Structure formats: C-alpha cells, structure tokens
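Working notes for the structure below.
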Amino acid sequence: MTDPLTARLAATVHAARTSQGLSAAVLAERSGVSRAMIGKIERGDVQPTAALLAKLSAALGLTLSELIARAEGDERRLVRAAEQPVWVDPDTGYRRRSVSPAAGRPLELVEVELPPGVEVPLVSGTYAFLHQQIWVLAGHLRFHEGAQVHELSAGDCLQLGPAADCVFVNPGPVSCRYLVALVKRAGRGR
C-alpha cells in the first residue's frame with residue numbers, strides 16, 4: 001500500500017515530466033534513472049530514495065524542495081514548524097525538512113538530519129544549477145566535494161564550489177543536523 005506522500009510524489013513526477021513533453025526514455029537519459037524505475041516511481045510502487053529524487057528533480061529543472069512542495073500542494077507564505085513537510089529516505093533514514101514556504105522562491109532553506117554512520121552521495125548534475133551553502137547546526141559533517149573533503153562542526157558554514165559529485169557523511173556517534181540554503185542560478189534549469 002502506498003503512503004499519501006509517495007502517491008503525491010508519483011503524480012508530481014509524472015505531471016512534471018508530461019508537462020515538459022518528456023517521454024520516460026528522455027527523462028531516464030537526462031537523469032540517469034532507469035525507465036523501469038521511473039515507471040515504478042510514477043505508479044507509486046516504490047518510495048524513492050533521496051538520491052533518486054535528486055536526480056529526477058534536477059533532470060526536470062526543479063530543486064528537490066520544489067518537487068516535494070509540488071507534491072504537498074502548498075503555496076502558503078507562512079509555514080509553521082509543525083506543518084513543514086518532512087521527507088525521510090527509506091534506505092538511510094536521512095530526514096529532510098523544507099523550512100521555507102513553497103511560495104518563497106527563489107531562496108530555499110532545508111534542514112537535514114543525517115543519522116550516525118550514514119552516507120548520502122549525490123552526482124554533480126543534481127545540483128549544477130544551484131548556489132548552495134551548508135550551515136552545520138549540530139554534530140559533525142564530513143562533506144566530500146569532488147576530491148576535496150571538508151570537515152564541518154556545529155556553527156561552520158561552507159559555500160559549495162563548482163558542481164562536483166559529492167557525498168554527505170556523518171562519521172560521528174550522534175545525528176548531524178545542518179541547514180542548506182540554496183538559490184537557483186540565473187538562466188539555469190530546464
């Protein structure tokens with residue numbers, strides 16, 4: 001049985017793809033996600049991981065927050081803490097909370113909680129059209145940005161450089177919480 005958010009994400013991915021006139025094959029080519037997996041996601045047969053949603057949203061010219069906000073159908077300017085959408089990666093337990101109101105574009109604030117020992121890889125294409133900064137709120141974050149490794153502790157803030165494959169790692173014994181501030185770069189996206 002599909003949970004309500006997975007069903008809404010399925011409909012949102014399908015609507016975004018078809019509104020751009022993309023076949024599943026073209027979206028698969030752009031995103032690196034197989035046509036079979038796109039079909040399963042669009043039917044709501046699987047709950048997609050953070051990595052899969054990031055690849056699909058980037059290929060659709062959306063941020064992950066935009067994709068989730070569309071699934072939530074929320075255009076309010078004020079979103080109380082208890083009402084902010086939370087998405088949990090089914091594989092890693094990575095929790096992503098969209099802090100910003102969906103109507104607040106172009107700036108997005110996203111709070112992430114990364115459980116101890118968890119690694120979340122993202123390929124460069126998933127955020128190539130974004131300017132991002134990561135501000136660690138609690139714990140320790142090891143951030144691999146291409147070949148460079150950044151060790152970030154509470155209070156540290158990193159501005160991401162040119163797009164590169166990256167990995168978010170929590171090497172510590174407690175959860176790591178961090179805030180990602182992101183803005184779409186002008187003239188980018190599809």
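Computed from a predicted model, the values in this text were never measured in an experiment.
Listed here is the closest heavy atom pair of Pro116 and Pro173: CG-O, 3.5 Å. Here the closest heavy-atom approach between residue Val120 and residue Leu114 is recorded as CG2-CD1, 3.8 Å. For the pair Asp89 and Thr92, the tightest heavy-atom approach, listed with the atom from each and the gap, is OD1-N, 3.2 Å. Residues Ala59 and Ser31 share a closest heavy-atom pair of CB-CB, 3.6 Å. Nearest approach of Cys176 to Asn170, heavy atoms of both residues: N-ND2, 3.2 Å. In terms of heavy atoms, Ser100 sits closest to Leu109 at OG-N, 2.6 Å.
His131 contributes atom NE2, which lies 10.0 Å from atom CG of Leu107 (distance to the nearest 0.5 angstrom). In this structure, CD in Glu145 is found 11.0 Å from CG in Asp165, a value given to the nearest 0.5 Å. Atoms CG and CG, on Leu158 and Leu152 in that order, are 5.5 Å from each other to the nearest 0.5 Å. For the atom pair CG (Leu122) and SG (Cys166), the distance works out to 4.5 Å, reported to the nearest 0.5 Å. Between the CD1 atom in Ile41 and the OG1 atom in Thr6 there is a gap of 10.0 Å [rounded to 0.5 Å]. Considering OG1 of Thr12 and CD of Glu42, their distance stands at 10.5 Å, rounded to 0.5 Å.
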Legend entry - Residues Leu22, Arg30; criterion side chain to side chain contact (heavy atoms under 4.5 Å, CB included); working and verdict: CA-CA 10 Å; Leu22 301 176; Arg30 284 186 183 179; 3.6 Å; yes
Inset, instruction - Decide side chain to side chain contact (heavy atoms under 4.5 Å, CB included) for Tyr178 and Trp135; before the verdict, give the C-alpha distance in whole Å, the side-chain angles of both, and the deciding distance to 0.1 Å. - result: CA-CA 5 Å; Tyr178 56 92; Trp135 180 32; over 6 Å; no
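Side-chain contact check for Pro171 versus His140: some heavy-atom pair is nearer than 4.5 Å.
When hydrophobic clusters are built by joining Ile, Leu, Val, Met, Phe, Trp and Tyr residues whose side-chain heavy atoms come closer than 4.5 Å, directly or via intermediates, Val174 is not grouped with Phe143. Leu62 and Leu56 fall within the same hydrophobic cluster, defined by Ile, Leu, Val, Met, Phe, Trp and Tyr side-chain heavy atoms under 4.5 Å apart, directly or through other members. Under a hydrophobic-cluster definition in which Ile, Leu, Val, Met, Phe, Trp and Tyr are linked whenever side-chain heavy atoms come within less than 4.5 Å, directly or via other members, Trp87 and Leu52 are assigned to the same cluster. One hydrophobic cluster holds both Ile134 and Val110 under the rule that ILVMFWY side chains link at heavy-atom gaps under 4.5 Å. Following chains of ILVMFWY side-chain contacts shorter than 4.5 Å, one can reach Val99 starting from Leu137, so the two form part of one hydrophobic cluster.
Within 6.0 Å of atom CD in Gln133, more than 12 heavy atoms from other residues, nucleotides or ligands are found, so the atom counts as buried in its surroundings.
In this structure a side-chain-to-backbone donor-acceptor pair under 3.5 Å is present from Gln20 to Leu60. Proximity of a side-chain donor or acceptor of Asp91 to a complementary backbone N or O of Thr49 within less than 3.5 Å is not detected.
Residues passing the salt bridge (charged side-chain N to carboxylate O under 4.0 Å, His left out) test with Arg96: none are found, sequence neighbours excluded. For Glu111, the salt bridge (charged side-chain N to carboxylate O under 4.0 Å, His left out) partners at least two apart in sequence or on another chain are Arg97, Arg177. Arg142 pairs by the salt bridge (charged side-chain N to carboxylate O under 4.0 Å, His left out) definition with Glu151, not counting sequence neighbours. Residues satisfying the ring pair (Phe, Tyr, Trp, His ring centres under 6.0 Å) criterion with Tyr94, sequence neighbours excluded, are absent altogether. Under the side chain to side chain contact (heavy atoms under 4.5 Å, CB included) criterion, Ser34 pairs with Ala36, Met37, sequence neighbours left out.
Through side-chain heavy atoms spaced under 4.5 Å, either directly or across other Ile, Leu, Val, Met, Phe, Trp or Tyr residues, Val86 is tied to Val88.
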